[in-house]
Structure formats: structure tokens, C-alpha cells
Amino acid sequence: MSADQAIHPPDLDNSPKKRGRSRSGTRSGLERSSARLGWAFASPALLLVAAVTIFPIVFSLIMSFSNVNVTGDGFSLSGFTGHNFSIVFTSDLWQHAIVFTTLYTIVTVIVEIILGTAIALVLERLTASRGWMMALLLLPWAIITVISAQLWSYVYNGVYGVLNVVLSPLNGGHDINVLGGSFSATAAMAVADIWKTTPFVAIIALAGLVMLPGDIVEAARIDGANAWTIFWRVRLPLLRPTLSIAVLFRILQAFGLFDLPYVLTGGGPGDSTESLALLGWKVMFNDLKFGPGAAVAASTAGIVLIACLVFLKVFRSQVGSEETA
Amino acid sequence: MHIRTAVRSNKAMAVIGAAALMLAASACSSGSSSDKTPSASGPAKGTIVWYANQFGPTNTDVRKTLIAAFEKANPAIKVKLQAAPSDSDTFRSTLTTQISGGNSSFDVYDGDVVWPAQFGKAGLALPLNKYFPASYWKTFSPGLVSSLTYQGKIMAAPLFTDNAFLFYRKDLLAKAHLPVPTTWEQLQSEAKTLQQKKLVKYGFAAQFDSYEGLTADFTEFEADAGGATLNSGATKSTIDSPAALKALTFMRGLVSSGVAPSAITTFQEQQSESLFTSGQVAFLRNWTYAYADSDSSASKVQGKVGIANLPTFDGKSGPGYSTTGGWNMYVNPHSKHLAADVAFVKWMTGTAAQKIMGIQGGELPVNAAALASPDVQKANPAYPVAAKNKLAARPSDAAEYAQVSNSIYSNVNAAVSGSSSPKDALGKADKAITTALGSNGL
């Protein structure tokens, strides 16, 4: 679905409707009334979307600034307070979770982008078998994370796990308990994450590669550029808008990391793999502290929003400077 | 240029969409809070839904046996079983969402023994005082009833109680001419001997994963060493004590000496039990039902399993402490079939049902008369052993217990897995528990 969005933009610009509009310049009365009719038809769906996205956001924000009491009949909110946020910001658990989630996001996204682009370059060269390879590659992406996490837990299991069976002879016969150490558990989770989401990046990158204008590459080749130079100087810069979409999607997803630690480590050992989402869940649904829990969620959303805006800004100024140069 | 504008607006959409996703997770339904106490008038009939997870031996479903017996005794009431998540934390989050959202699709639900204070404070269960006569509560031990009570309100009826035991391999001890250990130090050295003689791969298994079960296990070691996590009024943390340090250092030693598998830090009940039933470990700390499981035909160690009270530390009088576990029955405050709910709960906690619980369910009956009956006592060798158990309760009378427990198990897990020292872990746990009790931190 996201791959579609990456492919769509250029198509959209060539659509008859857009061309028609830009040709006529101003909208006729007929167009306006049909637009109104369009909005009328779309409004039930838009209302539904608002109900399931905007309402929860607003409610959660209100919750994070209120004193929340859970009762058998729902939540009662009262007052306006910054107390929830002051609790959250001064908490060791939150500070640890934010460092962990951020580092985890940076590392996994970088690795996924590099691997995904490499795979896309190979896929682009394939001719007959490309469809099959893509189907195969998409399998990890198609498996629900909870299920694939469970499968990885069989790999990592410190008694029966495949990894233990293979590696323990190298460790003098002692068990290898990957999920038992802070660093190794984090690395194990990152591997499972990269295994699952690299294909997603590869598909987006492939879509970008396929859309690159062939004549530019051809021109570079005639000018005597070798494959390496063509990749770094021609194709990669042209691919950058597509990759930025992939990076954005990945940052958003990686920051919401929940199912992998939930299944693989439960946040352990200790709280070393406790992500922001897992912490928010524990605070809300184990401790039943809904005010602070909403503050954890709101703080996560805020950080993600800022991270994405900064990324876009940096990316846009880079592309801009390259175009003017 | 066109490409870029389109891409940009898509990115903006993506950012907004993501923010929506992050926040949607935190939002739930709201409603007005009113303190109404429904009445249980009207005839006890109709269909009620019992939301319960699996208990007892893994290879039979005692819930269905109990329902069939209840429906036979009460033909006017039908009970529909709704399967609940086996993990108690997941189950709790499901219940919280549904009950606070006003869901009345289930009437009676099972819940952990450590929930009454938290659920009482949050109003997630119907206080039962007025639906049952005082004489009803006298059929249970006073300690049990007080564990169900929050600020004078009895939040649940007990379904079964649970104790921890030491399960051991009779055949291995006989081969090595070793006695059943009565101290933890003895257990460690015997386990080492059995491993060195290549009789078994691992010496000891328990539940050291970062979850509620580890709080239960740690509470036992801590009590054996003479410590407790909270003071008697459950108002102050006492976990950073020499006794707790001794307990935690010993737990870490089980792992670092190779007696326990290093993967024990990821073991919950099921993983530790399957290591035992597959014949790979000599000693197992587990709950009552593990006897029925390990002595079944599906187990590789059938007929070789011994059961004893848990050991204690050298120099303390035995036996060791067992944490009190078990499950209760709670009534959904939104239930529309209160009369039937009360009849069902009453029957399930009565002698007939509790005998089924003891004989077929492999769990300790809460009803004293049922537990004392000879056919129950004969059914499971765990019961006579249980009578000699010294019990230690987790500090669940604090309404912030979930957070207190989280502070215990996450830090103890860090120490046992070696990622922090026992001393540091207890210091961190102490700080976290103090924060939890003061209700002003995560």
C-alpha cells in the first residue's frame, strides 16, 4: 500500500483531470458544483476517518493534561495539569526508553535502507524471475509481527533454539542465551526487525529505480561514466525522494516498536529493551495510570513528529542545494 | 518538480497519520462515573458468560467439566465459556479496556489473586459483600478473605489457591544416593553433583523471566533469607536489605554456577515445566498443577517425580516459604444477570465444585471441607505437602501493587541475568518501589 503511494505521485501529475484543470485555469460553475457533490459523497467516509483518528488524538491529548480516574464506568477526567508530563519526564524508565527507542530506530533504519537499496538494485537487473523473487522477499513483510517474533523466539531460545544448537559448541558447550543480555537482546531484536522490514524498503526503492528516466543514465554512460559513478552521481540522487519516503515510514514504524520486545523479551533483561510503546502500555494497562500513560503516548507522538519534520527539512534543503548547484 | 510537490504532500500525510497511530493507542472510551450498586433481584436463570483462562493440568479442560456439573445442578442457568488470554497481564489489559468501556458481554471473570486492591480502587469489579451472607465467607480461611478485601469491600470470591513446591527426580537422587534437599545450598551442591555425573543436563529451573512470576519466586527466596519487600503496613519499601541481598546473590549464583540454564532469565511457568517433563532438569520450582502435568503419560519423567516443600537457606528452620498464588472469580459491574452470577459463583466455590477442582483440576481447593475430604487428599500427593507449607504473600494489599511488582521483577531479572549487580538492582528496586507507593512516578 505504501509502495503504491511512492509510485503514484508522477502518475497523478499526468492524470487527465489535473491536465484539464491546468489548461482551463479557472474552475467553471459546473466543476464547482460537482466538487461540492464529491465532498458530499465523501463526507460520511471522512467523518468516519475523523472519528477513528482525530477523536482519539484529541481525547488522548486531553487525557495527558488531566487528572484521570478509572472507574467501572469509564474514565473521569478533571482539571488541567502538567503533572502527568512532569512525572513522565523525570522518570528513569521514560528516559531510558527514549534513548533505547531512538538508538534502535536510527540503527535499524540505516541498515534497512542500505540493504533494501542493494536488494532493489539486484531485483532491477533480474528479468524473468523478478516476480517470484519479489513474492519471496515479501513473505517476511507479510507475516504478522507477533507471529514472526514468536518464530524468532524459537531461533533465539537459550535451550532449544537453533542458534544455541549451532553456536554452543563454539562456546565450550555452554548455552548461548541471546535474549539474556542487554546488548545481545537488542541486537537480536534488531535482526528480526531488519529481516522483516528490509523487503518493504526494497520494494519502495525498486519502484523508484524503475521510474528513473533511462535517458539520463544512457547519457552518463555515453559520457564515459562507469557503473559505480553512475550509481553514486546519477541514480542515487534521483532515487533520494523515493528513499526518503521509505525512511519516513520506517522511522514512524520503528518508533512505535511494541510487538517484538513484547514477545521476545518482555522489555528485559531488566528494562533494557523497554521501548516507549511498551512502557506506555505497561503504565496504562498494568499500573492503570492512564494520565501518565497518555503523557507517554503524547510525548512519543511529539518526538516522532519533530524527528520527521527535521528529517524532511534536512532532506529538502539537500535536494534543493543539489538542484541549484 | 511535480514529483517533489506530490512527494512532499504525501510525506506530510504520513507524518500526520503516524501521529494519529501513536495516539490512537492511548485513547479509550470515556464515560460518566456514577456509583451505582445494582441489585440481584429476580430469578436466577438465563445464560451467563464466564470469561476465564485455562487452569489445572494442560491436557484436560476442567472449566468444561465444572460448567457441565453446574448446569446439571442448576438447569435454569446456562454458562457459556469465553476463553481468556493465559498471560495474566494481557488478560488484565483486556479486562480493563472492556469493563471501563462498559462492556457487559461477559458476566463473571477469573482474575489473579493479586488484583483485588487494584481492581477495587479502579472499580473494575462488583463488590460482593451484599450478595453473599456473612456465613458464606466463613467457609474460607480468614486470611484468604482478607486478601480479597479492599477498604472493607470484598472484591472477589476465591476459585482455587496455589502453592509452590519443589519437584525433583526420584530416580536421579536414588542413583546418586542423595537425599531430598532441605536447604537451597544443599540443592545447589546436589544439582552440581548430578550434572557432573552426567545424569542430567541442568540442575534447577524456575521462573526468572521479567514478569509477575519472578516477583513470586523472589518473594520466596527473600522470605527464606528473612526479608520482606514492604513493611507490614505496605507503606514503605524494605527491599534493600541484607536478607534480600543474600537471596538475590544466591539466585544469580544458580545461573553463574551453571546449575540453572542461562535461559532461565526468559523462563515462565511453561518453559520451566517443559524442561522438567522432558527430563532435562533435576529440580523444578513450580505451582501445584505441575505435578499432574509431569506425572502424566505425555511426560518423559512419569513415575519418577517427587514433590516436597521448597528448601530454605542454611541455618533457617525449614521448610522454605511458598508464595500464595491462585485465582479468584470477579463479577463484571455491568453484568445484567446478577442473580445467575451469584448462583454460579456460589456453586463454583462450594464443596461439590471444589472437590472436582481438587481431584480433576489438580489445584488446591479453597473450601476447607473439600480439601479435607479423603478422596481429594488421595488424588494428589501435593495436597498433604501443601498442608506443611509456610506461606508468604506478595505485597498485593497495596493498590499500586502492579507497579511495585514491576519494580521487583525487572530489577531482579537484571541482576539474575548479570546485567546489573545484586546490590545495584536492589537499590534501583527500592527507589522504584518508593516512587510507586508515593503515586508520583512511573
Side-chain angles (χ1 to χ4, degrees), chain A residues 5 9-10 12-13 53 56-57 59-61 63 69-77 87-88 91 93-94 157-159 175 177 179-182 241 245 248-249 252 256 266-272 277 280 282-288 292-294 297-298 300-301 304-305 308-309 312 319, chain B residues 2-4 6-8 10-11 14-15 18-34 89 92-93 96-97 99-102 118 122-125 209-211 258 261-263 265-266 275 280 333-334 400 402-403 406 410-411 413-414 417-420 425 440-442:
Chain A
Q5 281 170 321
L12 209 70
D13 296 321
T53 57
I57 293 176
F59 185 77
S60 169
L61 269 179
M63 205 171 179
N69 269 319
V70 203
T71 68
D73 297 319
F75 304 115
S76 66
L77 310 182
I87 283 181
V88 166
S91 153
L93 288 177
W94 183 81
N157 185 297
V159 176
D175 287 334
N177 183 24
L179 299 177
S182 307
I245 294 246
L248 266 183
F249 272 108
L252 298 172
D271 47 28
S272 55
K282 274 191 179 169
V283 173
M284 281 202 173
F285 294 108
N286 281 1
D287 305 347
L288 304 187
T300 312
V304 149
L305 203 68
C308 289
L309 291 176
L312 281 182
V319 171
Chain B
H2 278 311
I3 298 180
R4 253 182 51 204
V7 165
R8 192 180 304 158
N10 254 5
K11 277 184 290 200
V15 173
L21 272 177
M22 305 294 316
L23 282 167
S26 71
C28 298
S29 72
S30 82
S32 66
S33 73
S34 60
D89 285 344
R92 169 169 48 199
S93 55
T96 313
T97 328
I99 297 171
S100 60
Q118 190 183 34
L124 295 174
D209 191 15
S210 187
Y211 82 122
S262 57
T265 59
T266 59
L275 200 66
Q280 298 191 71
H334 306 293
E400 297 79 16
Q403 208 182 337
N406 194 342
S410 67
N411 287 298
N413 177 265
S417 65
S419 61
S420 91
N440 57 5
L442 297 188

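Atoms considered below: every heavy atom in the structure, side chains included; atoms not considered: hydrogens, waters and symmetry mates. If you're wondering where the values come from, they're calculated on a predicted model, not measured in any experiment. Reminder, nothing fancy here: chain letters follow the sequence lines and each chain counts from 1.
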Atom of [X], atom of [Y] and distance for their closest heavy-atom approach:
{"X": "B/S410", "Y": "B/S210", "answer": "CA-OG, 3.7 Å"}
{"X": "B/N413", "Y": "B/T265", "answer": "ND2-O, 3.1 Å"}
{"X": "A/K282", "Y": "A/G266", "answer": "NZ-O, 3.5 Å"}

ask   = Highest number of heavy-atom pairs under 4.5 Å with chain B: which of A/P292, A/P269, A/G181?
value =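 Sorted descending by pairs with chain B, the first entry is A/P269.
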message = Please identify, among A/D271, A/V88, A/D287, A/V70, the residue contributing the most non-hydrogen atom pairs under 4.5 Å to chain B.
response =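 Among A/D271, A/V88, A/D287, A/V70, the one with the most close pairs to chain B is A/D287.
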request  = Count the heavy-atom pairs under 4.5 Å between each of B/D89, B/I99, B/N406 and chain A, then report the option with the highest count.
outcome  =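 Heavy-atom pair counts peak at B/D89.
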request  = Counting only heavy atoms closer than 4.5 Å, note whether B/E400 contacts chain A via side chain, backbone, both or neither.
outcome  =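 For B/E400, there is no contact with chain A at all, as no heavy atom is under 4.5 Å.
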Region of B/T96 in contact with chain A, defined by heavy-atom distances below 4.5 Å =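 B/T96 touches chain A through side-chain heavy atoms alone.
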key: Atom group of A/V283 that falls short of 4.5 Å from chain B, counting heavy atoms   =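 A/V283 touches chain B through side-chain heavy atoms alone.
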Interchain contact, A/L93 with chain B, by part (heavy-atom threshold 4.5 Å) =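 Answer is side chain: those atoms of A/L93 sit under 4.5 Å from chain B.
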task = Answer yes or no: is there a donor N or O on one side and an acceptor on the other, between the side chain of A/D175 and the main chain of B/P261, under 3.5 Å?
result =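 Answer holds: no.
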ask   = Looking only at atom types and distance, does a side-chain atom of B/S417 sit under 3.5 Å from a main-chain N or O of B/A414, one as donor and one as acceptor?
value =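 Here the side-chain-to-backbone pair exists.
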task = Please tell me if the side chains of B/S420 and B/N411 come closer than 4.5 Å, counting only heavy atoms from C-beta onward.
result =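 No - every pair of side-chain heavy atoms lies 4.5 Å or more apart.
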